[in-house]
Amino acid sequence: QVQLVESGGGLVQAGGSLRLSCAASGSTFSNYRMGWFLQAPGKEREFVAAISRAAITTLYSDSVKGRFTISRDNAKNTVYLQMSSLKPEDTAVYYCAADSTRGLDNRPAGYDYWGQGTQVTVSS
């Protein structure tokens, strides 16, 4: 099993930037593909970005492509989400997720392990 803890959320003005981090423990981090999802109040959890085990491939939702960058440091057991040009509609709780299956997946069902989430609020 792997335990995930997100950090880096907060309040930022529209057009600003934030970097989220997700620290993993309890298992070999490089054995897991990683994803970021968001959930706004009253809405379902949505895919944001994913990265393969060795960081060779990435996948982004259309809504964040060109603004967000997912990366990972397997030596530090951490995955990051660099968010730029933030918009009020990016406001949500952001979750990182892990799964030992190869490849990438943009479905919440494609991940077995989840963090507790970190709040991102973008003011207009």
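Numbers here simply count residues along the sequence, with the first being 1.
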With a 3.5 Å cut-off and sequence neighbours excluded, list the donor-acceptor pairs that the side chains of residues 15-23 form with protein atoms.
none

With a 3.5 Å cut-off and sequence neighbours excluded, list the donor-acceptor pairs that the side chains of residues 46-59 form with protein atoms.
from, atom 1, to, atom 2, distance (Å)
Ser52, OG, Ile56, N, 3.1
Ser52, OG, Thr57, N, 3.0
Ser52, OG, Thr57, O, 3.4
Ser52, OG, Thr57, OG1, 3.2
Arg53, NE, Asn31, O, 3.3
Arg53, NH2, Ser100, O, 2.3

Candidate pair Thr91 and Gln119, rule side chain to side chain contact (heavy atoms under 4.5 Å, CB included), full reasoning: CA-CA 8 Å; Thr91 295; Gln119 176 71 46; 4.0 Å; yes

Side chain to side chain contact (heavy atoms under 4.5 Å, CB included) between Val12 and Met83, intermediate numbers included: CA-CA 11 Å; Val12 63; Met83 306 186 294; over 6 Å; no

Check against side chain to side chain contact (heavy atoms under 4.5 Å, CB included), Val5 and Gln116: CA-CA 7 Å; Val5 179; Gln116 83 289 350; 4.2 Å; yes

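Between the side chain of Glu6 and the backbone N or O of Gly117, at least one donor-acceptor pair lies under 3.5 Å. Between the side chain of Ser85 and the main chain of Arg67, no donor-acceptor pair closer than 3.5 Å is present. Side chain of Gln39 to backbone of Ala92: no donor-acceptor contact under 3.5 angstrom is found. With hydrogens and angles ignored, the 3.5 Å screen pairs a side-chain donor or acceptor of Thr78 with a backbone N or O of Lys76.
Applying the salt bridge (Lys or Arg N to Asp or Glu O under 4.0 Å) rule to Lys43 yields no partners; only residues at least two apart in sequence or on another chain are considered. The salt bridge (Lys or Arg N to Asp or Glu O under 4.0 Å) check on Arg72 picks up nothing, with sequence neighbours excluded. Annotation: salt bridge (Lys or Arg N to Asp or Glu O under 4.0 Å) contacts of Asp105 (sequence neighbours excluded): Arg33, Arg107.
Annotation: ring-ring contact (aromatic ring centres under 6.0 Å, His included) contacts involving residues 51-86, sequence neighbours excluded, are absent.
A chain of hydrophobic side-chain contacts below 4.5 Å, direct or via other Ile, Leu, Val, Met, Phe, Trp or Tyr residues, connects Met34 to Val2. Following chains of ILVMFWY side-chain contacts shorter than 4.5 Å, one cannot reach Leu104 starting from Tyr32, and the two form parts of different hydrophobic clusters. Hydrophobic cluster membership differs between Val93 and Tyr113, with clusters built from Ile, Leu, Val, Met, Phe, Trp and Tyr side chains linked at under 4.5 angstrom.
The only option from Tyr95, Trp114, Tyr94 that meets the ring-ring contact (aromatic ring centres under 6.0 Å, His included) definition with Phe37 turns out to be Trp114.
Nearest heavy-atom pair across Gly9 and Val120 is CA-CG2, 4.1 Å. Shown here for Leu11 and Ser123, the closest heavy-atom pair between the two residues is CD1-CB, 4.3 Å. Nearest heavy atoms, Ala14 versus Pro88: CB-CD, 4.1 Å.
Interatomic distance, Ser63 OG to Leu38 CG, rounded to the nearest 0.5 Å: 7.0 Å.
Using a 4.5 Å cut-off on side-chain heavy atoms (C-beta onward), Val79 and Phe29 make contact. Two residues are said to be in side-chain contact when any heavy atoms from C-beta on lie closer than 4.5 Å; Asp112 and Gln1 fail this criterion.
With no hydrogens or angles considered, no side-chain donor-acceptor pair links Ser30 and Thr28 at under 3.5 Å.
Ionic pairing of Asp90 and Lys87 is not present here: no N-O contact between side-chain nitrogen and carboxylate oxygen is shorter than 4.0 angstrom.
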